[in-house]
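What follows is one structure encoded as structure tokens, with my remarks underneath.
We name chains A, B, ... by the order of the sequence lines, and we start the count at 1 in each one.
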Amino acid sequence: MLDFLGDLERTHLCGALRVSDSGRKAVLMGWVNRRRDLGNLLFIDIRDRTGVTQIVFDEESNPRLHEKARQLRNEYVIAVIGTVMKRDGKTINKNIATGEVELVAQELRILNESKQPPFLPSETVLPNEEMRLKYRYIDLRREAMQRNILLRHSLAIAIRNNLSAQGFFEIETPFMTRSTPEGARDYLVPSRVQPGSFYALPQSPQLFKQILMISGFDKYFQIVRCFRDEDLRADRQPEFTQIDLEMSYARPERVWEVVEEFLTAAFKAAGHDIKTPFPRMTYDEAIRRYGSDKPDLRLPAMTDLGDAFAKEDLAALGLSPKLPIVALRIPKVGELSRKERDDIKPLFNGKGRAKVFEDFKRLEKSFPQAAARVRERCGAASDDLIVLVAGADAAAGSKSGGDGKPEATPHDHAVYTAAGLLRLGLAQKYAERHRAFERTGDPARDFRFLWVTDFPMFEYDEEGQRWAAAHHPFTSPHEQDLEKLESDPGAVRALAYDTVLNGTELGSGSIRIHRQDIQRRIFRALGMTEEEARQRFGFFLEALEYGTPPHGGIALGLDRIVMIIAGAESLREVIPFPKTARAVDLMVDAPTPVSEAQLKELGIMIRRG
RNA sequence: GGGGACGUAGUUCAGUUGGUUAGAACGCUGCCCUGUCACGGCAGAGGCCGCGGGUUCGAGUCCCGUCGUCCCCGCCA
């Protein structure tokens, strides 16, 4: 028989009682975490989000109560009235915060039973993710998940308070809005009132926040859900939370200060001090030195070898002096075994324009002088792994002619990015064995922020045979590069910037275009006719004509910030109800088909088969 | 869209070269135990080996397909 709560009130949380509470009466409520039945003596660990407390039921002093307590099973919900007793020296449990006391029960109310759960929150080995996601409510009872979700709360509150203190206003923008196909795929919501028409869930509140600038709310922010119908990754969910902000009359540096300030507050809330201002690096430098637009600064930069090799050496190696050669140094990894050298091949496969020399020892034998120069330039210690990546000859031939495609850059990005992938792959693969990521103690606590600036304005889209906005089409070009907009689009730099932390892109922002004439030129450069532009963004182009102040902003991924601070490997560890790789919610089983009646009402027909 | 890993008891896993009745730990059920705290001891229940085909005298094991979870590439203005 279950008991009612009645007018019983809980006096303490399950992690609260201390020796100083000895002798006091206490009422605890929570789950049965563990039961230790010693016959006439029964111990129950009662658990809530704050911890566990041992409860004692003694047959001798209260046989009926003891008998009742024997019914308790894991995950039952109970209320216990009892007296806090100091434990004797020998019976103290130093492993838990409440271990110096126990609650001697006087009354037990069984508030609810539990079926045998598929797994126990107190277990040390995790079930697989499918199980965890299906029974998410049980998974979330686990201490690690509680910690992550509460950490998320603390960060969000700290950020909200900080931005408010910096003079920003949190303003809501619609979730049911307009599809602007470009970039990520939209999630669509059919309109019942207008059959055949659809709302789109926002990929970001981009245009709304710009319109808020036009409306005079000169500092806007929002911690807001965004939606993108693209394939998932460990760090990508179809719905995710962004810290979105926009400000009027701001130069990039001002936006960076705002971000550095709220991140400082957020990390502080999690007990971490971070250093500001963050270092800055242009996109071009990031590619050349790290082979990535989101460099992980915890690993040494790559070294451009340039003229380390003599001409004869290059010829002997089958390399052209015109192509880049870079060296990767992974500290403390040592030489790779033959098997390991074979294993790294998949790490750069697919980026086939690079030639990799993973056996530096061999290179050293054949080209001792060049190898010595390489070691010196990399600043390599004897137990560092060195791998060379060079442009393969095929890369030289692949540079395109005058067919409108961009020339390959003089530094051929393909070589650098292949080297960059290899750099990360090697470090990750051997991080545990060789602790390549270890710099200053705990690797997860080594927060290396970075601003990456001066992104290219356009990227050539091979598939669509056209220029595409690298950031988004409302990003302002550098004023000095405006003249190249028509003549040399590939060389136009954008006033765009990314926040990078330990190789993860935390956020992305830009100064926006506030002048209608420039916006038009950008659309034209993107190959969009006036008509197309008006059809897609007409409302916005019109808004631009009514006195738009210069403005800019940024959006940072809250989930990713929490993930990194929590030291988690996946976003799913910091999102209470995440989706699987196929964008399914295993707990509620969504998405699902809907009834014919619903479809009919919406004027939608599903093609089957 | 492509590549890879995995799928055996409620859970985590083992399962040899294809060969008798598919095992262990935890959890679960019952009994014993008054100082345990990942309690201990004894006994027990629990299996469509993801699903569907195939090869074979014989399949958890080999092959094909399919479904699911995870990781990566593409994709993510």
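If you look at A:Tyr220 and A:Phe208, their ring centroids are not closer than 6.0 Å.
A:Leu421 has its CG atom 20 Å from the P atom of B:G3, to the nearest Å. If you take CD1 of A:Ile92 and P of B:C37, they are 15 Å apart, rounded to a whole angstrom. Between the OH atom of A:Tyr135 and the P atom of B:G27 there is a distance of 20 Å, given to the nearest Å. Residue A:Asp231 contributes atom CG, which lies 12 Å from atom P of B:C70 at whole-angstrom precision.
With salt bridges taken as basic N to acidic carboxylate O contacts below 4.0 Å, one links A:Lys579 and A:Glu239. The pair A:Arg70-A:Asp37 counts as a salt bridge, with a side-chain nitrogen and a carboxylate oxygen less than 4.0 angstrom apart.
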Could you run down nucleotides 28-35 of chain B 5' to 3' and tag each one B, S or - for protein heavy-atom contact under 4.0 Å?
SSS--BBB

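Residues forming a side chain to side chain contact (heavy atoms under 4.5 Å, CB included) with A:Arg185 (at least two apart in sequence, or on another chain): A:Asp229, A:Glu230. Applying the side chain to side chain contact (heavy atoms under 4.5 Å, CB included) criterion to A:Gln106, with sequence neighbours excluded, gives A:Lys25, A:Thr83. Every residue meeting the side chain to side chain contact (heavy atoms under 4.5 Å, CB included) condition with A:Ala105, not counting sequence neighbours, appears here in chain and number order: A:Ile55, A:Phe57, A:Leu65, A:Val80. For A:Asn93, the side chain to side chain contact (heavy atoms under 4.5 Å, CB included) test picks out A:Arg87, A:Asn95, A:Ile96, with sequence neighbours left out. With sequence neighbours excluded, no residue forms a salt bridge (charged side-chain N to carboxylate O under 4.0 Å, His left out) with A:Glu130. Considering only residues two or more places apart in sequence or on other chains, A:Thr548 meets the side chain to side chain donor-acceptor pair (under 3.5 Å) condition with none of them.
Using the Watson-Crick or G-U wobble rule with both distances under 3.5 Å, B:C70 pairs with B:G4. Taking a pair to require two hydrogen-bonding distances under 3.5 Å in either a Watson-Crick or a G-U wobble arrangement, B:A25 pairs with B:U11. Nucleotide B:A59 forms a pair with no other nucleotide shown, judged by Watson-Crick or G-U wobble geometry with both contacts under 3.5 Å.
Residue-level contact check: A:Leu126 touches the backbone only, with heavy atoms under 4.0 Å from sugar-phosphate atoms and none from bases. The residue A:Ala468 sits apart from the nucleic acid: no heavy atom pair falls under 4.0 Å. Within 4.0 Å (heavy atoms only), A:Pro127 reaches sugar-phosphate atoms of the nucleic acid but no base atom.
Among residues at least two apart or in separate chains, there is no side-chain hydrogen bond (donor to acceptor under 3.5 Å, both in side chains) pair with a member in residues 116-128 of chain A.
Checked against B:U69, B:C26, B:C75, the side chain of A:Glu130 finds its nearest nucleotide in B:U69. The nucleotide whose nearest atom lies closest to any side-chain atom of A:Glu230 is, among B:G10, B:C76, B:U69, B:C76. For A:Asp45, the side-chain atoms get nearest to B:C37 when compared with the rest of B:G27, B:U69, B:C37.
Note on A:Arg36: every side-chain N or O is 4.0 Å or more away from OP1 and OP2 of B:G40. Proximity of A:Arg34 to the phosphate of B:A38: no side-chain N or O atom is located under 4.0 Å from OP1 or OP2.
Of all the residues in residues 236-245 of chain A, A:Arg236 reach under 4.0 Å from RNA chain B with at least one non-hydrogen atom.
With the nearest nucleotide of RNA chain B identified for both A:Arg582 and A:Met131, A:Met131 has the one nearer the 5' end.
Here, B:G15 and B:C62 have their P atoms 12 Å apart, quoted to the whole Å.
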